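Quick caveat: nothing in here was measured; it's all calculated off a predicted structure. If you read the sequence from its start, that first residue is 1, and numbering goes on from there.
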Amino acid sequence: MKLRALDIATFNLLNLNEPGLPLYGDDDAWPQDVYDRKIDWTRAVMTRLKPHVMGFQELWHRASLERAVAAAGLAADYDLLIPPDADGKRIVCAAMVAKGLLVGQPEWITVFPEGFVLESRGDDPQTAAISVKLRSFSRPVLHFTIRPREDQALVHVFVCHFKSKAPTKVFRERWFNADRDRYRPHQGNLGAALSTIRRTAEASALRFLLTGLMRGNDAPVIVLGDINDSQMSNTANILTEQPQYLVGDSIGGGDAALYTAQTLQEYRNTRDVYYTHIHQDMMESLDHILVSQEFYDNSRKRVWLFDGMVVMNDHLNWDDHKESGTNDHGIISARFKYRPMKAEAQALVSGPVA
């Protein structure tokens with residue numbers, strides 16, 4: 001295969017499960033009529049975008065995703081990457097990959113990388129010791145490889161879904177119930193702190209894995225999904241390593257860095273209208289496509305040139321997702337054109353290294 005352009009998308013499905021099956025251990029379930037609308041709306045998104053790779057979050061049942069892909073008329077054109085045990089009892093990440101692109105078998109990573117440690121005695125005498133014992137991702141990270149061009153290296157793709165900003169429910173904990181009068185006024189604060197710690201640990205564990213993969217070997221990488229945090233958040237900064245974005249004819253690139261499609265798009269726009277989620281009237285970008293230096297315009301090692309990003313988010317203006325069949329996240333899609341940095345350009349142009 002020798003693609004001239006590569007389209008990548010990420011899509012939070014908003015608890016796509018079979019009708020009647022409970023969600024999150026509760027009795028809530030999709031009625032048949034709402035489920036039918038969800039399948040139809042999901043079909044419409046797939047048909048409109050038709051990316052080469054689309055990552056999914058909040059899938060519960062493989063049959064539901066298979067049904068949506070079939071309704072879109074795309075079953076013969078894509079390989080579906082769904083865990084074999086996606087039977088409606090838990091949330092998983094999944095993907096659809098255009099036929100001919102996938103190389104090898106996908107894997108779902110649950111346990112944090114070997115050797116990953118979040119522990120410190122403190123930087124100075126005033127800083128107390130800290131230790132985070134978390135050892136697994138809330139939602140297993142999907143990892144697979146594609147080869148968009150026979151004359152180029154394999155591209156590693158990771159689909160992730162980190163812990164949300166919603167406060168962890170602490171009212172079930174023993175310490176909470178042992179002194180409810182003390183803790184009841186603080187449960188939102190304590191729950192939010194726990195969610196932040198979990199999300200931060202997940203971002204750090206994935207970055208640990210990415211650095212081991214990328215450092216010193218020019219492995220092209222795409223990370224996409226719902227990180228439940230914004231472009232400038234600490235979560236995103238940990239994942240990306242905060243590379244410098246160059247301007248003009250400056251050439252550089254970060255060996256293990258990731259660049260956000262949102263920032264690449266902002267360099268092309270005179271106004272930022274990017275958002276993928278609305279909570280209490282606050283618009284925020286929680287869903288991201290992150291790419292290594294092989295997809296960064298100003299990189300010395302560029303193979304693919306950013307060609308724009310699309311955000312499907314008009315449906316977020318109506319908070320009727322439980323009736324309309326829409327989802328509560330925007331869908332983003334980015335295109336990259338095959339445009340390797342010319343050897344002569346690398347020799348002629350010099351600039352700071354990101």
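- Remark: Lys165 NZ is packed, more than 12 non-hydrogen atoms of other residues, nucleotides or ligands lying under 6.0 Å away.
- No donor-acceptor distance shorter than 3.5 angstrom exists from the side chain of Ser250 to the backbone of Leu246, with no hydrogens or angles considered.
- Rounding to the nearest 0.5 Å gives a distance of 9.5 Å between OG1 of Thr263 and CZ of Phe306.
- Thr260 and Gln262 share no side-chain donor-acceptor pair at under 3.5 Å.
- A side-chain donor-acceptor contact under 3.5 Å links Asp124 to the backbone of Thr127.
- At least one donor-acceptor pair closer than 3.5 Å links the side chain of Thr276 to the backbone N or O of Leu286.
- More than 12 heavy atoms of other residues, nucleotides or ligands lie within 6.0 Å of NZ in Lys99, so this atom counts as buried by the packing criterion.
- Here the straight-line distance linking atom CG of Leu316 with atom NE2 of His321 works out to 6.0 Å at 0.5 Å rounding.
- Not one N or O on the side chain of Glu202 forms a donor-acceptor pair closer than 3.5 Å with the backbone of Phe137.
- Because its NZ or CZ atom is both nearer than 6.0 Å to the ring centre of Trp30 and within 45° of the ring axis, Lys38 counts as a cation-pi partner of that residue.
- Hydrophobic clustering (ILVMFWY, side-chain heavy atoms < 4.5 Å, transitive): Val159 and Met54 are in distinct clusters.
- For Arg121, the CZ atom is loosely surrounded, since the number of other residues' heavy atoms within 6.0 Å does not exceed 12.
- A donor-acceptor contact closer than 3.5 angstrom is absent between the side chains of His277 and Glu284.
- A distance of 11.0 Å separates CG in Asp87 from CD in Glu18, rounded to the nearest 0.5 Å.
- Taking the side chain as every heavy atom from C-beta outward, Cys93 and Leu59 never approach each other to under 4.5 Å.
- Counting only distance, with no hydrogens or angles, the side chain of Arg37 and the backbone of Thr326 share no donor-acceptor pair below 3.5 Å.
- The distance from atom CD1 of Ile331 to atom CZ of Phe56, rounded to the nearest 0.5 Å, is 10.0 Å.
- The 12-atom threshold is exceeded at CG of Asp85, counting heavy atoms of other residues, nucleotides or ligands nearer than 6.0 Å.
- Using a 3.5 Å distance cut-off with no hydrogens or angles, the side chains of Tyr35 and Arg67 do pair a donor with an acceptor.
- Looking only at atom types and distance, the side chain of Ser195 has no donor-acceptor partner in the side chain of Arg199 under 3.5 Å away.
- Counting only heavy atoms from C-beta outward, the side chains of Leu101 and Leu3 approach each other to under 4.5 Å.
- A side-chain contact (heavy atoms from CB on, under 4.5 Å) with Ser292 is found for one member of Ile222, Val155, Val221 and no other, namely Val221.
- Both Leu206 and Met214 are part of a single hydrophobic cluster, where members link through side-chain heavy atoms under 4.5 Å apart.
- For the 3.5 Å distance criterion, the side chains of Gln231 and Glu266 qualify, holding a donor opposite an acceptor.
- Looking only at side-chain heavy atoms (C-beta outward), Val170 and Tyr183 stay at 4.5 Å or farther from each other.
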### Query
Going through the checks in order, is the salt bridge (charged side-chain N to carboxylate O under 4.0 Å, His left out) test met by Asp7 and Arg335?
CA-CA 4 Å; Asp7 294 315; Arg335 168 167 288 191; 2.7 Å; yes
- request: In sequence, state the C-alpha distance, the side-chain angles, and the governing distance for Trp60 and Asn15, and then conclude on side chain to side chain donor-acceptor pair (under 3.5 Å).
  value: CA-CA 6 Å; Trp60 289 72; Asn15 296 322; 3.0 Å; yes
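- Under the 4.5 Å side-chain heavy-atom criterion for Ile, Leu, Val, Met, Phe, Trp and Tyr, Leu74 and Met312 are members of the same hydrophobic cluster.
- Between the Gln293 side chain and the Arg302 main chain, no donor and acceptor come within less than 3.5 Å of each other.
- Inspection of the Asn177 and Glu173 side chains reveals no N or O donor paired with an N or O acceptor under 3.5 Å.
- Follow the hydrophobic side-chain contacts under 4.5 Å out from Phe295 and you reach Ile8 in the same cluster.
- With 3.5 Å as the limit, one finds no donor-acceptor pair spanning the side chains of Asn12 and Asn327.
- Here Glu58 contributes atom CD and Asn17 contributes atom CG; the two are 11.0 Å apart, rounded to the nearest 0.5 Å.
- In this structure, Thr110 and Pro140 approach most closely via the heavy-atom pair OG1-CG, 3.5 Å.
- With hydrogens and angles disregarded, a donor-acceptor distance shorter than 3.5 Å links the side chain of His315 to the backbone of His329.
- A cation-pi arrangement is absent between Arg139 and Phe162 under the rule of less than 6.0 angstrom and at most 45 degrees off the ring axis.
- Distance alone, capped at 3.5 Å, places no donor-acceptor pair between the His288 side chain and the Leu290 backbone.
- The NE2 atom of His279 sits 10.5 Å away from atom CG of Asp319, with the distance rounded to the nearest 0.5 Å.
- The neighbour count for Arg48 CZ, taken as heavy atoms of other residues, nucleotides or ligands under 6.0 Å away, does not exceed 12.
- Distance alone, capped at 3.5 Å, is enough to place a donor-acceptor pair between the Asn313 side chain and the Tyr275 backbone.
- Put simply, Ile332 and Leu239 are part of two different groups of oily side chains (I, L, V, M, F, W, Y) that touch within less than 4.5 Å, one to the next.
- When atom types are taken as modelled, the side chain of Thr235 and the backbone of Asp229 share no donor-acceptor pair closer than 3.5 angstrom.
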Yes or no on salt bridge (charged side-chain N to carboxylate O under 4.0 Å, His left out) for Asp151 and Lys2, after CA distance, side-chain angles and deciding distance?
-> CA-CA 8 Å; Asp151 54 351; Lys2 290 189 176 181; 5.0 Å; no
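- Sparse packing is recorded around CZ of Arg182, with 12 or fewer heavy atoms of other residues, nucleotides or ligands lying under 6.0 Å away.
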